[in-house]
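The first residue in the sequence is number 1, and the count goes up from there. Worth saying up front: this structure is predicted, and the values here are computed from it rather than measured. Atoms within each ligand, like the ligands themselves, are counted from 1 in listed order.
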Amino acid sequence: MAKKVTKAIFPVAGLGTRFLPATKSVPKEIMTLVDRPLIQYAIDEARAAGIKEFIFVTSRGKGALEDYFDHAPVLEQELRSKGKTELLETLKNTNMDSGAIAYIRQHKALGLGHAVWCARRLIGNEPFAVILPDDVIAAEKPCLQQMVEAYNETGGNMVAAMEVHPERSSSYGMLDVDDDQGELVKIRGMVEKPKTEDAPSNLAVIGRYILSPNVLKNLNQLKSGSGGEIQLTDAIAAELTQGHDVYGYRFKGQRFDCGSKSGFLQATVSFGLARDELRDDLYAYLQDVMMIDKAAQ
Ligand code: G1P
């Protein structure tokens with residue numbers, strides 16, 4: 001049986017330039033879908049998958065992220081004294097146990113592979129998960145939990161996978177499929193952001209990974225790849241040349257690309273509609289908008 005996955009890396013060092021001017025003072029990961037920051041969705045997913053140690057790879061200007069996970073005794077006391085127990089519970093869910101969370105700085109923006117490599121000493125010789133908080137996945141069973149269950153059977157390395165339109169391949173790590181078993185896909189190669197004509201399939205990597213510590217060793221050796229950055233995709237592809245297994249996992253759920261404005265808005269609407277207290281109002285509003293739109297045509 002595969003070794004238990006208890007550590008997760010959250011690469012959150014990006015500047016979030018696509019969301020300027022908001023990201024001038026607010027880390028992108030603190031931006032909210034309805035009323036919860038992006039990072040909270042990632043943390044909840046990790047917890048559901050059995051993660052106990054949370055490693056954030058940060059950069060300058062991400063202080064609000066660290067504050068977010070601190071206990072807020074004054075606020076908690078205020079809510080307690082006013083009997084606002086539900087809000088108090090919500091707030092407590094954001095607290096992390098002492099020692100369960102670590103922050104490490106990525107001093108230079110050298111790419112996702114480099115960000116993960118920065119956490120190598122905290123990972124040691126254990127398998128670990130990587131969650132990219134920009135990829136928000138709505139699912140009955142959280143995506144990483146689905147993957148951990150599959151990984152417990154397979155071992156090796158596993159990446160979340162999803163079919164994308166061929167024209168979108170230059171935005172993703174793309175998988176070269178060896179054996180397609182449906183949910184599970186055995187991989188023989190991976191390419192970071194290929195042109196459409198060079199993509200080995202239309203199966204893309206989505207931001208959830210379970211990786212063997214050997215990937216960190218591969219990152220030691222890597223030179224910069226696609227876009228002049230040190231790519232995690234290349235370090236995982238190196239596993240294959242060393243005879244180790246890599247699987248794609250077609251998760252069940254809906255993925256939102258919250259690294260883009262359109263994806264962020266779609267996620268906002270979708271998560272809004274999923275909330276009992278918001279659904280009716282929001283739905284009525286969306287219907288009105290659609291009607292006005294139709295009438296205008
Ligand atoms: C990163 C990875 C890419 C992956 C994508 C998923 O790219 O490098 O392989 O497909 O996340 O969202 P980024 O979107 O950070 O450029």
Q: With sequence neighbours left out, what residues match Lys82 under salt bridge (Lys or Arg N to Asp or Glu O under 4.0 Å)?
A: Glu78
Q: For Lys252, what residues pass the salt bridge (Lys or Arg N to Asp or Glu O under 4.0 Å) criterion, not counting sequence neighbours?
A: Glu183
Q: Checking Arg208 against Phe251: charged group under 6.0 Å from the ring centre and within 45 degrees of the axis?
A: no
Q: Compute whether any side-chain donor of one residue and acceptor of the other, for Glu76 and Asn95, lie under 3.5 angstrom apart.
A: yes
Q: Tell me if the centroids of the rings in Phe56 and Phe69 come within less than 6.0 Å of each other.
A: yes
Q: If the condition is salt bridge (Lys or Arg N to Asp or Glu O under 4.0 Å), which residues does Asp245 pass it with, not counting sequence neighbours?
A: Lys186
Q: Please tabulate, one line per pair, the protein N or O atoms found under 3.5 Å from any N or O atom of ligand 1, giving the distance to one decimal.
A:
from, atom 1, to, atom 2, distance (Å)
ligand 1, 7 (O), Lys193, NZ, 3.4
ligand 1, 8 (O), Glu192, OE2, 2.7
ligand 1, 9 (O), Gly173, N, 3.0
ligand 1, 9 (O), Glu192, OE1, 2.7
ligand 1, 9 (O), Glu192, OE2, 3.4
ligand 1, 9 (O), Thr233, OG1, 3.3
ligand 1, 10 (O), Gly173, N, 2.9
ligand 1, 10 (O), Val205, O, 2.6
ligand 1, 12 (O), Asp135, OD2, 2.7
ligand 1, 16 (O), Lys193, NZ, 2.6

